Amino acid sequence: MTDSLTTPDLDATPGLVRPDVSLPVRGGAYDRPDPATVERLGRVSAATACAKLHGLGIRRTFVEGPRPLEPGYRVVGSALTLQFMPQREDLAAGDEQEYVERHTALWHVLEAVRPGDVLVIQAYGSRFSGCVGDILARYFQRQGGAGIVVDGRIRDSGKIRDLGLPVWSDGVTPHYASQSELFPWAYDVPVAVGGVLCMPGDLVVADDDGPVVVPQAMAEQVVASAQDHEEWEGFSRRRLDEGARLSDYYPLTPDTRGEFEAWRSAQPSDL
């Protein structure tokens, strides 16, 4: 097997000239987040991460469209990115593409997986491209991959579900990745997923509410702000269950904030 993309014989189509383009494209080197940061962010929900980033000035973080393959899935990890592009007959199109795919970014990105990675795939919400199937998902999981977010569809959904691998996608299709209008083009590059920019090495927080992209440089700010948020919300739930007024405890007023601070200071130090 070679590392370069094998394209169909273009001489069979008169007038079709192949540009000098080498595929797959790979982006530059990047740093993954510190494992301790990932662990701390693991205690933060997607909703809280999204809200805290909004308060910090980052407005578009929710990856709209992809839903969990199974309710209850949750993952936090470093973004490993894969970009699909529209097919064009002089570059990436033709018969038996499923066999050509082994030389594309789709295969290459799976060899770049490190434990804890979340594979984030740009596929324009395509209804016809099954970006990942059972065998590739199985290999990704075996390499230590933590989860997959696809701005598009997957195939072999039943077998992927059996793996227990957390996957968020727009749905399912019987098509393989390049059977329709897209082709695996690049990896380790910026991608656009569900209206959100995701850079390699950003953090992804995904749960039943959907995936949220956390810029790596802002992760610690999100963690610090989210810890306080999660704690006062827990306190408020307790008081509301005891019959307190909603307007007094959600959100906290200056008076109930003082009550919360007193309650928090009385809790064990590992809270």
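Given the structure is predicted, the values throughout are model-derived calculations rather than measurements. Excluded from the calculations below are hydrogen atoms, water molecules and symmetry mates; all remaining heavy atoms, backbone and side chain alike, are included.
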Side chain to side chain contact (heavy atoms under 4.5 Å, CB included) partners for [X], two or more places apart:
{"X": "Pro19", "result": "Val21, Arg88, Asp90, Leu91"}
{"X": "Tyr124", "result": "Met85, Pro86, Gln122, Leu182"}
{"X": "Leu246", "result": "Leu240, Tyr250"}
{"X": "Thr256", "result": "Asp248, Tyr249, Leu252, Thr253, Glu259"}

Discussion item. So, using ring-ring contact (aromatic ring centres under 6.0 Å, His included) as the criterion, who are the partners of His175 when residues are at least two apart?
Written reply: none
At what distance, to the nearest 0.5 angstrom, does [atom1] of [X] lie from [atom2] of [Y]?
{"X": "Ser169", "Y": "Asp151", "atom1": "OG", "atom2": "CG", "value": "10.0 Å"}
{"X": "Ser225", "Y": "Met218", "atom1": "OG", "atom2": "CE", "value": "10.0 Å"}
{"X": "Tyr30", "Y": "Asp202", "atom1": "OH", "atom2": "CG", "value": "10.0 Å"}
{"X": "Lys159", "Y": "Ile135", "atom1": "NZ", "atom2": "CD1", "value": "7.0 Å"}
{"X": "Ser157", "Y": "Asp162", "atom1": "OG", "atom2": "CG", "value": "9.5 Å"}
{"X": "Trp168", "Y": "Tyr73", "atom1": "CH2", "atom2": "OH", "value": "8.5 Å"}

Taking all non-hydrogen atoms of both residues into account, name the closest pair between [X] and [Y] and its distance.
{"X": "Asp208", "Y": "Pro68", "value": "OD1-CG, 4.0 Å"}
{"X": "Asp207", "Y": "Ala46", "value": "OD2-N, 2.9 Å"}
{"X": "Pro200", "Y": "Pro190", "value": "CD-N, 3.9 Å"}
{"X": "Ala105", "Y": "Ala186", "value": "CB-N, 3.5 Å"}
{"X": "Ala123", "Y": "Gly152", "value": "CB-CA, 4.2 Å"}
{"X": "Pro211", "Y": "Ala206", "value": "CA-CB, 3.8 Å"}

Practice prompt. Determine, step by step, whether Val120 and Val191 satisfy the side-chain contact (heavy atoms from CB on, under 4.5 Å) criterion, reporting the C-alpha distance in whole Å, the side-chain angles of both residues, the deciding distance to 0.1 Å, and the verdict.
Written response: CA-CA 8 Å; Val120 180; Val191 293; 4.1 Å; yes
Sequence-distant partners of [X], salt bridge (charged side-chain N to carboxylate O under 4.0 Å, His left out), two or more places apart:
{"X": "Asp170", "value": "none"}
{"X": "Asp156", "value": "none"}
{"X": "Arg142", "value": "none"}
{"X": "Glu230", "value": "none"}

Discussion item. Can you see whether Tyr187 engages Glu111 through a side-chain donor-acceptor pair at a distance of less than 3.5 angstrom?
Written reply: no
Discussion item. Under 3.5 Å, is there a donor on one side chain and an acceptor on the other for Gln87 and Ser178?
Written reply: no
Between [X] and [Y], is there a donor-acceptor pair closer than 3.5 Å when you use the side chain of the first and the backbone of the second?
{"X": "Ser126", "Y": "Phe128", "result": "yes"}
{"X": "Gln179", "Y": "Tyr176", "result": "yes"}
{"X": "Thr48", "Y": "Ser45", "result": "no"}
{"X": "Thr81", "Y": "Val189", "result": "yes"}
{"X": "Arg153", "Y": "Val132", "result": "no"}

Item to complete: Please collect all salt bridge (charged side-chain N to carboxylate O under 4.0 Å, His left out) contacts where either partner lies in residues 19-43, sequence neighbours excluded, each pair once.
Response: Arg26-Asp188, Arg32-Asp117, Arg40-Glu220
4.5 Å side-chain heavy-atom contact, [X] and [Y]:
{"X": "Val118", "Y": "Leu80", "value": "no"}
{"X": "Leu119", "Y": "Val109", "value": "yes"}
{"X": "Leu165", "Y": "Ile148", "value": "yes"}

Item to complete: Using a strict cut-off of less than 4.0 Å between a Lys/Arg side-chain nitrogen and an Asp/Glu carboxylate oxygen, indicate whether Asp134 and Arg138 qualify as a salt bridge.
Response: yes
Discussion item. I'd like to know if Asp255 and Arg245 make a salt bridge, using a cut-off of under 4.0 Å between side-chain N and carboxylate O.
Written reply: no
Please tell me whether [X] and [Y] are part of a single hydrophobic cluster in this structure, the criterion being side-chain heavy atoms less than 4.5 Å apart.
{"X": "Leu69", "Y": "Val76", "value": "no"}
{"X": "Leu53", "Y": "Val213", "value": "no"}
{"X": "Val150", "Y": "Val193", "value": "yes"}
{"X": "Val44", "Y": "Val75", "value": "no"}

Discussion item. Checking Glu233 against Arg237 for the salt bridge (Lys or Arg N to Asp or Glu O under 4.0 Å) test, could you report, in this order, the C-alpha distance in whole Å, the side-chain angles of both residues, the deciding distance, and whether it holds?
Written reply: CA-CA 6 Å; Glu233 277 201 345; Arg237 288 189 195 97; 3.4 Å; yes
Practice prompt. Kindly check if the number of other-residue, nucleotide or ligand heavy atoms within 6.0 Å of CZ (Arg238) is above 12?
Written response: no
Worksheet item: Would you say Arg257 has more than 12 foreign heavy atoms packed within less than 6.0 Å of its CZ?
Response: yes
Which donor-acceptor pairs under 3.5 Å do the side chains of residues 57-64 make with protein atoms, sequence neighbours left out?
residue : atom : partner : partner atom : Å
Arg59   : NH1  : His54   : O            : 2.5
Arg60   : NE   : Gly195  : O            : 3.4
Arg60   : NH2  : Gly195  : O            : 3.4

Practice prompt. Test salt bridge (Lys or Arg N to Asp or Glu O under 4.0 Å) on Asp209 and Arg67 and set out the steps.
Written response: CA-CA 8 Å; Asp209 286 341; Arg67 301 298 304 157; 5.9 Å; no
Worksheet item: Other hydrophobic cluster members with Met199, side-chain heavy atoms of Ile/Leu/Val/Met/Phe/Trp/Tyr under 4.5 Å, chained?
Response: Leu197
Practice prompt. Step by step, work out the side-chain contact (heavy atoms from CB on, under 4.5 Å) result for Val205 and Arg74.
Written response: CA-CA 8 Å; Val205 179; Arg74 173 170 172 76; 3.9 Å; yes
Item to complete: Walk me through it: do Val214 and Leu41 pass the test side-chain contact (heavy atoms from CB on, under 4.5 Å)?
Response: CA-CA 10 Å; Val214 178; Leu41 196 63; 4.3 Å; yes
Item to complete: Decide ring-ring contact (aromatic ring centres under 6.0 Å, His included) for Phe260 and Trp232; before the verdict, give the C-alpha distance in whole Å, the side-chain angles of both, and the deciding distance to 0.1 Å.
Response: CA-CA 7 Å; Phe260 161 67; Trp232 76 252; 7.6 Å; no
Item to complete: Report the C-alpha distance between Leu106 and Leu136 in whole Å, list the side-chain angles of each, state the deciding distance to 0.1 Å, and finish with yes or no for side-chain contact (heavy atoms from CB on, under 4.5 Å).
Response: CA-CA 9 Å; Leu106 180 55; Leu136 301 189; 3.6 Å; yes
